[in-house]
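As structure tokens, the structure follows; a few thoughts come after it.
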Amino acid sequence: MPTLTILGLESSCDDTAAAVLRSPGGTTAEILSSVVYGQTDLHAAYGGVVPEIAARAHVEKLDIAVERALDEADVALAQIDAIAVTAGPGLIGGVLSGVMMAKGLALGSGKPLVGVNHLSGHALTPRFTDQLPFPYLMLLVSGGHCQFLLVQDAQTYHRLGGTIDDAPGEAFDKAAKLLGLPQPGGPAVQNCAVQGNPNTFKLPRPLLDRPGCDLSFSGLKTALARTRDSLADTQGGLTEQNRADLCASFQAAVADVLTEKSKRALAAAKDIAPNLTGFAVAGGVAANTVLRQNLLTLAQESRLPFIAPPLKFCTDNAAMIAWAGIEKLRSGQTDDMNLSARPRWPLDQRQSPMLGSGKKGAKA
Ligand code: KG4
Ligand code: ZN
């Protein structure tokens, strides 16, 4: 198997990233560089990612990120074997910026172009970080995604369930906003919850009464808002202890739901693939210590290794895109100048479209 050196680009949401990976074969990979320019400050005033601002920032930062990634890797463009780029799903302006940049680099250097599904980047991360063999179960939990994927090989994914409305990170961010805590909400809620009691307020566990692995988080956020409002009505405001108890109760509800649904997803995955090798997580919410502990216990009970890659490869980055590019290239697939940017691109081709589920439709 020839050694491959791949440049990866990522710009599908609010991180502009470029990375260089070198793999001699198998799941061995050396991360020669991984550069990420976040945009948190640019969007902070708006309470969410503004697509047009994101796209402009990507255009400004993409060439700088590529130059730095090549520099830090000490590799010239001529020494790169292919250029991998996120071609969807994501905010279309950002995805387009990355795809155009990658096409320019491929055309200029004469190197092959490989379009990568952003979700496959997340899903294949435990391969290069932990050398995890197929098939495994992946729980992807971030600000924009929430789904259970049985990863059978680099091309075959079975989506066992996912959110029908908000992603859990989005729910944490909205919860923080409701409670007057800073963004990003996940770490803020987690820190505040340390002083709280998770049993003080009874928040719902959405969709647990229904079979299957689908999840819902928007009702939980509404329940939190109602509890906050009734406290404010009766007491004239929230005490610090109320806030901590609300955070702890909210965090416990999210963790409970994700853990119970993970249990079901593991059973479903084992039915399809009895030789399941592990249970992996990715996405920013995987940083949550309560959730992580619950999932670790669950994996141990199921006698499976629990794989949580280092956080810098769990959140959006370009190393995962370069790796997914390597796996795609090794399966003999490349793209050409007709590669298009796709706002929606389900990994599981058999998956029916989730239209009408949630205000803006299921994002994950
Ligand atoms: O994967 P990620 O960096 O990117 C996007 O999805 O854009 O995930 C970011 C999300 C945010 O919503 C953030 O609040 C959440 O991950 N997050 C957490 C924690 N750390 C980050 N949620 C819960 N607990 C945490 N410790
Ligand atoms: Zn992502």
Side-chain angles (χ1 to χ4, degrees), residues 14 38 40-50 139 141-146 163-209 215-262 281 283-298 308 311 314-315 358-360 363:
D14 59 349
T40 314
D41 295 351
L42 294 178
H43 304 288
Y46 305 95
V49 177
V50 183
L139 166 60
V141 269
S142 70
H145 320 294
C146 180
T163 185
I164 59 166
D165 41 53
D166 293 351
E170 193 178 0
F172 268 107
D173 294 341
K174 287 177 181 169
K177 212 169 161 191
L178 284 169
L179 298 175
L181 296 168
Q183 298 292 319
V189 170
Q190 177 175 312
N191 288 339
C192 184
V194 173
Q195 307 299 331
N197 178 350
N199 300 314
T200 308
F201 300 105
K202 287 272 161 287
L203 295 177
R205 278 23 183 189
L207 296 195
L208 276 197
D209 53 341
L215 304 109
S216 161
F217 294 99
S218 74
L220 189 52
K221 171 197 65 195
T222 311
L224 179 75
R226 287 225 182 89
T227 314
R228 178 203 63 171
D229 291 347
S230 72
L231 281 170
D233 281 349
T234 50
Q235 302 175 176
L238 290 187
T239 65
E240 278 312 304
Q241 191 57 50
N242 289 154
R243 208 184 305 274
D245 290 341
L246 282 169
C247 282
S249 302
F250 180 83
Q251 178 174 254
V254 174
D256 278 359
V257 169
L258 281 166
T259 307
E260 173 56 30
K261 294 286 176 166
S262 297
V281 284
V285 182
N288 188 274
T289 46
V290 172
L291 175 65
R292 236 178 147 98
Q293 187 52 51
N294 284 4
L295 297 181
L296 172 65
T297 307
L298 176 65
L311 204 60
C314 265
T315 54
K359 203 166 37 149
K360 296 179 218 148
K363 300 167 202 89

Distance, nearest 0.5 Å, that separates [atom1] of [X] from [atom2] of [Y]:
| X | Y | atom1 | atom2 | answer |
| --- | --- | --- | --- | --- |
| L298 | E260 | CG | CD | 9.0 Å |
| Q190 | C247 | CD | SG | 10.5 Å |
| N191 | T289 | CG | OG1 | 8.5 Å |
| L291 | T259 | CG | OG1 | 5.5 Å |

What pair of heavy atoms forms the shortest contact from [X] to [Y], and how long is it?
| X | Y | value |
| --- | --- | --- |
| R243 | L181 | CD-CD2, 4.1 Å |
| P198 | A252 | CB-CB, 3.8 Å |
| L224 | L246 | CD1-CD2, 3.9 Å |
| A167 | F217 | C-CD1, 4.3 Å |
| L258 | S262 | O-OG, 2.5 Å |
| L220 | A253 | CD1-CB, 3.7 Å |

Treating [X] as the side-chain partner and [Y] as the backbone partner, does any N or O pair qualify as donor plus acceptor under 3.5 Å?
| X | Y | result |
| --- | --- | --- |
| Q183 | D173 | yes |
| R228 | L178 | yes |
| Q251 | V189 | no |
| Q241 | Q195 | yes |
| N242 | T239 | yes |
| K221 | D166 | no |

Steps toward side chain to side chain contact (heavy atoms under 4.5 Å, CB included) verdict (L215, C146): CA-CA 8 Å; L215 304 109; C146 180; 3.8 Å; yes
Could you walk me through whether S216 and D165 pass the side-chain hydrogen bond (donor to acceptor under 3.5 Å, both in side chains) check? CA-CA 6 Å; S216 161; D165 41 53; 2.7 Å; yes
With a 4.5 Å cut-off on side-chain heavy atoms, are R226 and T222 touching? yes
Between T227 and L203, is there a side-chain heavy-atom distance shorter than 4.5 Å? yes
What about F250 and F172, are their ring centers closer than 6.0 Å? yes
